[in-house]
Protein chains: 2
Amino acid sequence: MVTMQDVAKRAGVSKATVSYVLSNSPLITEKTAAKVRKAMDELGYSVNHMARSLSTSRTDTICIVSPALQGNSFSLSMCAYLYALSAAAHNMGYDSLLLTNDSPQALAKAIDARKFDGAILLEVRDNDPRVKVLQQTKFPGVLLGKPRELGGLDYVDSNFEGAASQLVDILADAGHREVLLVGWPRHTYDSGLNFALRFRDTAMIRARERGMDLHMVYSDNEVLGSDLAVKQALLAFPDATAMIIHNDAALVSAQQVFKDLEVEVPDDISVVTLAPDQMATGMRMPFTSMSISLNEVAKSAVEVLDRRIRGHAEGEQCVLVDAQRIDAGSVDTPESND
Amino acid sequence: MVTMQDVAKRAGVSKATVSYVLSNSPLITEKTAAKVRKAMDELGYSVNHMARSLSTSRTDTICIVSPALQGNSFSLSMCAYLYALSAAAHNMGYDSLLLTNDSPQALAKAIDARKFDGAILLEVRDNDPRVKVLQQTKFPGVLLGKPRELGGLDYVDSNFEGAASQLVDILADAGHREVLLVGWPRHTYDSGLNFALRFRDTAMIRARERGMDLHMVYSDNEVLGSDLAVKQALLAFPDATAMIIHNDAALVSAQQVFKDLEVEVPDDISVVTLAPDQMATGMRMPFTSMSISLNEVAKSAVEVLDRRIRGHAEGEQCVLVDAQRIDAGSVDTPESND
DNA sequence: CTGAAAGCGCTTACAG
DNA sequence: CTGAAAGCGCTTACAG
């Protein structure tokens, strides 16, 4: 293994000079720097991160703390987030450690081991014990999600509130009064997954303001490729003239369901959704929707964390990334129905 | 930050002794060890991994090298593998670094940085340039997949060959002669993804041996939740009495397709599949299938890598994990069709 | 059975 | 503008 010492000897300078060249110190002559760089090239030198870390107490690594997969439900957007975060981190010079054990103990232990400079918590819930670990250790961390108690921590998330209001408005503006909200399984709400709660609650409030009857329908048969929530909703509320879908699994099977029941969109029913952009393209989304850019959220999360790590942050950093409205002609006036 | 020195002072011993206690050296008296452990507890000590790594040149971290997501196609099984590997690594005392950039340069750079002890390459292809990086650097690594040129590297994968043969046999034994193989999009095969190739090619050979006409149908419209490969296959080959599905996306939408076309399984057609076990449960798979245990494959991969890292491996390690046959009554004799 | 000491490969004030 | 030196927090022969 070629070390800094080797490079120094070959270039005829000291270790310190090599180190300064590496960090592009302006104090070093261009001539010396060139000499050193040549030596590094010739020897195939690359800095030993363990040694650097010990010296600087920085690892240039962040930890992505993802919830354990409960049972067998792979969430497509979780997975997409993982990738988006890893890519965003990479772009900012960080490697990413993956922690798939969502127990608070595991997080505390990982923090103690000092293998990373900061952590991003995925799918944060209300009363998430991991959040307390972050607070107590005062370790740099950002929440992907916006739980009820923030405890002074930074967070980044999609603006679910804004998206909910906008979707309700789109339907209200078109004149719809009887609307369905197809959501996640009940346990998602019960477990405090705040993105679900924030969307539902804001939609409910906004609907009331707009004089709309919004009927909540929870998914209860979440089978890959045949989530029946949309179907159940349609059967349970035949008078509804429009539907908001906030549930990836239900969304994926929605088109099939409409076909099955011979329901035409938007002639028989208007449909709007909230979905990650990558999923929208993946399924060639035919519905007017508020589109969440996972990459944008991920990028923002890493930026916030980076600022926190470097100590460049004053006060809490709170970012809600707006979803983009995408029209796909799946909304019509209610009069056209039936 | 509390260091080993602090613990040593408090326990009234030397740093060395503390270190020996940490590594459970049998040379230390139980009395001394107890004293040291008490001091560690009281001070809340935990070892600094950066320092340890520098000293031992081990990081206790492995790198999971996953292919970049091309376009927007999230592969459910890729994601499941990520988790399974991370969990398996954790169980064996390794953390996992996630590398989502599949360029060979990125891998080479990551290896140079010495942030991990070994790497696992996901979705290895024939002629995968990452494989060459592993060979050239002689860095511990295992391939998830079995490319044509192994170059002396370790690999672990599902036994796709065995599964293909068994599925053909199941149908042949039931008397089927006209059978469809619904596979992945053509580019999957063209790009040398060997799991697809090995399954297809073995199935073809076995079919010939059994006097079966096996018609390959490639998926060409891979839309999330409505992959049409199964439908196209049925329409293109109305005489087929059975079908093998090897394509997760097609599998997810298969039930809907059968319903759409009012095709009864197994009365109208027999169906068998190859699928990851987690997916099978996720979609409540109603088809007789060869089930791949991702956890088992992942565990095996980490074990192989661990052996390689510790230098306990003699020669190449080659593991093909057998899929499990699961009967779900989706196979009948061809006579019953129509 | 325990301790003093060297070493892992960097970074960074501090002299010069 | 460059170098000698201390230090980051461990591990591990080597003495004793």
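This is a predicted model, so every value here is computed, not measured. Letters A, B, ... mirror the listed sequences (proteins, then strands); counts begin at 1.
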query: Looking only at heavy atoms, which two atoms of B:L85 and B:L122 are closest? And how far apart?
result: CD1-CD1, 3.3 Å
- request: Take B:T56 and B:I28, find for each the nucleotide of DNA chain C with the closest heavy atom, and name the residue whose nucleotide sits nearer the 5' end.
  value: B:I28
- request: Measure the distance from CD on A:E30 to P on D:dT2 and round it to the nearest whole Å.
  value: 11 Å
query: With sugar-phosphate meaning primed atoms plus P, OP1 and OP2, does B:S19 contact a base, only sugar-phosphate, or nothing at under 4.0 Å between heavy atoms?
result: base
statement: note: B:Y20, atom OH; C:dC1, atom P; distance rounded to Å ~ 14 Å
message: Just the rounded figure in Å: distance from P of D:dT11 to CG of B:D60.
response: 11 Å
statement: Whole-Å distance, A:K15 NZ to D:dG3 P, equals 13 Å
message: Check A:D306 with A:R310, please: is the shortest side-chain N to carboxylate O separation under 4.0 Å?
response: yes
- prompt: Looking just at side-chain N and O atoms, do B:D322 and B:N159 make a donor-acceptor pair shorter than 3.5 Å?
  reply: yes
message: By the 4.0 Å heavy-atom rule, please label A:L54 as base, sugar-phosphate, or nothing.
response: base
field: Sidechain N-carboxylate O distance under 4.0 Å for A:D157, A:R198
entry: yes
- request: May I have the distance from B:M50 (atom CE) to C:dT11 (atom P), rounded to whole angstrom?
  value: 14 Å
- request: Under 4.0 Å between any heavy atoms, over every strand shown, what does B:T32 touch: base, sugar-phosphate, or nothing? Just pick one.
  value: sugar-phosphate
Assigned partner base of C:dA4, Watson-Crick or wobble definition, under 3.5 Å: none
query: At under 4.0 Å between heavy atoms, what does A:M1 touch on the DNA or RNA strands: base, sugar-phosphate, or nothing?
result: sugar-phosphate
message: Between the base of D:dG9 and the side chain of B:S55, is there a donor and acceptor pair under 3.5 angstrom?
response: no
- request: Take the protein atom CZ of B:R114 and the nucleotide atom C1' of C:dC8, then report the distance between them rounded to whole Å.
  value: 12 Å
message: Can you work out whether A:G12 or B:L22 has the more 5'-proximal nearest nucleotide on DNA chain D?
response: A:G12
field: A:P26 vs B:R52, nearer the 5' end of DNA chain D by closest nucleotide
entry: A:P26
Watson-Crick/G-U partner (both atom distances under 3.5 Å) of D:dA13: none
task: Taking atom types as modelled, find out whether B:Y81 and B:S66 have a side-chain donor-acceptor pair closer than 3.5 angstrom.
output: no
